[in-house]
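Both backbone and side-chain heavy atoms feed into the values below; hydrogens, waters and symmetry mates do not.
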Amino acid sequence: MTADPALRACNKVNGTHNMTRRDMRFAIAAAREALAPLRARHRAGYGFKLPRRKGDRPEAFCETCHVKWPCDDARDIYPEDEL
């Protein structure tokens with residue numbers, strides 16, 4: 001299975017519809033465009049967990065969910081190599 005959610009969605013559709021390579025490229029572009037608003041919302045931030053204690057180190061977190069990065073939604077919308 002592929003690590004790119006847009007490609008994974010296109011392969012799922014292609015299993016039920018016999019798409020040409022050209023159609024597949026358009027479908028991948030459409031899937032990426034559909035994920036764009038979610039990607040804008042679920043971005044990695046970097047900072048300290050609050051309340052901050054002595055000796056704490058900054059860590060990556062989701063700016064929307066306020067949990068350790070990557071959040072569950074980010075795993076669904078970002079390719080593995082971008083996490």
Original post:
R32 and A6: which non-hydrogen atoms are nearest, and at how many Å?
Top reply: CG-CB, 3.5 Å
Original post:
At what distance, to the nearest 0.5 angstrom, does CG of L83 lie from CD of E80?
Top reply: 7.0 Å
**OP:** Would you give the length of the straight line joining atom CG of L38 to atom CG of D76, rounded to the nearest 0.5 angstrom?
**Re:** 9.5 Å
Original post:
Can you check whether T64 reaches R43 side chain to side chain, under 4.5 Å on heavy atoms?
Top reply: no
Original post:
Are L35 and M24 joined in one hydrophobic group, where the rule is that I, L, V, M, F, W and Y side chains link up if heavy atoms are under 4.5 Å apart?
Top reply: no
Original post:
Looking at CG of D4 and CD of E82, how far apart are the two atoms once the value is rounded to the nearest 0.5 Å?
Top reply: 8.0 Å
Subject >> Atom of C65, atom of D73 and distance for their closest heavy-atom approach >> reply: SG-OD2, 4.4 Å
**OP:** Measure the CZ-SG distance between F26 and C10 for me, rounded to the nearest 0.5 Å.
**Re:** 12.0 Å
Subject >> Distance-minimising heavy-atom pair for A3 and P5 >> reply: O-CD, 3.4 Å
Subject >> N11 side, atom CG; I28 side, atom CD1 - distance, nearest 0.5 Å >> reply: 7.0 Å
**OP:** Report whether Y78 and L7 are members of the same hydrophobic cluster (ILVMFWY, side-chain heavy atoms less than 4.5 Å apart, transitive linking).
**Re:** no
Original post:
How far does OH of Y46 sit from CD of E63, to the nearest 0.5 angstrom?
Top reply: 14.0 Å
Subject >> Plane angle bin for F61 and H66 - parallel if under 30°, tilted between 30 and 60°, otherwise perpendicular >> reply: parallel
